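Since the structure is predicted, the reported quantities are computational estimates derived from the model, not experimental observations.
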Amino acid sequence: EDGLNPKLAYQRGDDIYLYIDATIGSVNVTNTPDLWEKDPAFSAQGLIWQELGDSTQGWDIGGAVKIALPGDQTNPTPSHSGYQIAFVSDGDVTIWDGSELYEVAPAIEYSDLPAWSPDDSKIAFEGERGNVYLWDSSTDQIEAFELGDAPEWDCASNLYVQDQESVVVGYDFSRSL
């Protein structure tokens with residue numbers, strides 16, 4: 001399977017599949033009947049996903065080498081460069097760079113759903129009291145930004161947040177905060 005260029009990773013049943021193309025179709029990369037894998041995402045270091053039991057595993061597509069992050073994690077989210085992974089560990093947003101762990105917001109309880117900005121300089125995430133928080137890597141500062149949840153960035157550095165009435169609100173972060 002060397003040289004495959006997958007177009008899409010998705011979950012079907014309890015396994016993770018890669019869609020290669022119309023000729024090859026999809027390939028089951030986990031095929032583990034006793035485990036439940038979900039939430040696949042690409043990174044520069046391979047495909048990552050979450051396994052039942054909240055232990056984030058990785059799969060290097062070319063070499064088929066499985067890696068494991070230390071501890072219990074949920075919501076693994078690779079940076080756009082692919083060399084860092086943000087995830088939630090014991091309610092804290094944490095970054096792993098392949099060798100070291102860094103807690104982004106240890107003082108904010110119930111952190112969830114980290115989302116990298118397109119340039120990897122910021123992470124938006126859900127936190128306590130229904131706020132969306134914004135961490136800036138250049139200053140290591142966190143700002144309580146907006147009531148709501150499910151933060152997502154688009155490729156133009158606009159941040160979208162679902163507010164309490166399920167309305168999506170957008171904010172332009174293409175310039176500095």
Closest non-hydrogen atom pair between His80 and Ser117, with its separation: CD2-O, 3.0 Å
Are the side chains of Pro78 and Gln84 in touch, meaning some heavy atoms are under 4.5 Å apart? no
Candidate pair Ile108 and Phe125, rule side chain to side chain contact (heavy atoms under 4.5 Å, CB included), full reasoning: CA-CA 10 Å; Ile108 297 174; Phe125 59 94; 4.2 Å; yes
To the nearest 0.5 Å, what is the distance between CG on Leu134 and CD on Gln141? 11.5 Å
Take the angle between the ring planes of Tyr102 and Trp135 and call it parallel below 30°, perpendicular above 60°, tilted in between. tilted
Looking at Tyr133, is its backbone amide N or carbonyl O close enough to the side chain of Asn131 to form a donor-acceptor pair, meaning the two atoms are under 3.5 Å apart? no
Spatial distance of atom CG (Leu101) from atom OG1 (Thr94) [nearest 0.5 Å]: 6.5 Å
Within a strict 4.5 Å, meaning less than it, do heavy atoms of the Ile85 and Ile95 side chains meet? no
So, do Trp153 and Lys122 sit near enough that their side-chain heavy atoms are less than 4.5 Å apart? yes
Quick check: are there more than 12 heavy atoms from other residues, nucleotides or ligands sitting under 6.0 Å from OH of Tyr10? yes
Would a hydrophobic clustering, with Ile, Leu, Val, Met, Phe, Trp and Tyr connected at side-chain separations under 4.5 Å, put Leu18 with Ile24? yes
Under 3.5 Å donor-acceptor, Ser26 side chain and Tyr17 backbone: no
Any side-chain heavy-atom pair from Phe87 and Asp92 closer than 4.5 angstrom? no
Please report the shortest heavy-atom distance between Thr77 and Trp116, naming the atom on each side. O-NE1, 2.9 Å
If every non-hydrogen atom of Pro114 is compared with every non-hydrogen atom of Asn75, which pair is closest and at what distance? CG-O, 3.9 Å
Contact between Val29 and Asn31 at the side-chain level, heavy atoms closer than 4.5 Å - yes or no? no
Please find the pair of heavy atoms, one from Asp21 and one from Thr23, that lie closest to each other, and give the distance. OD1-N, 3.0 Å
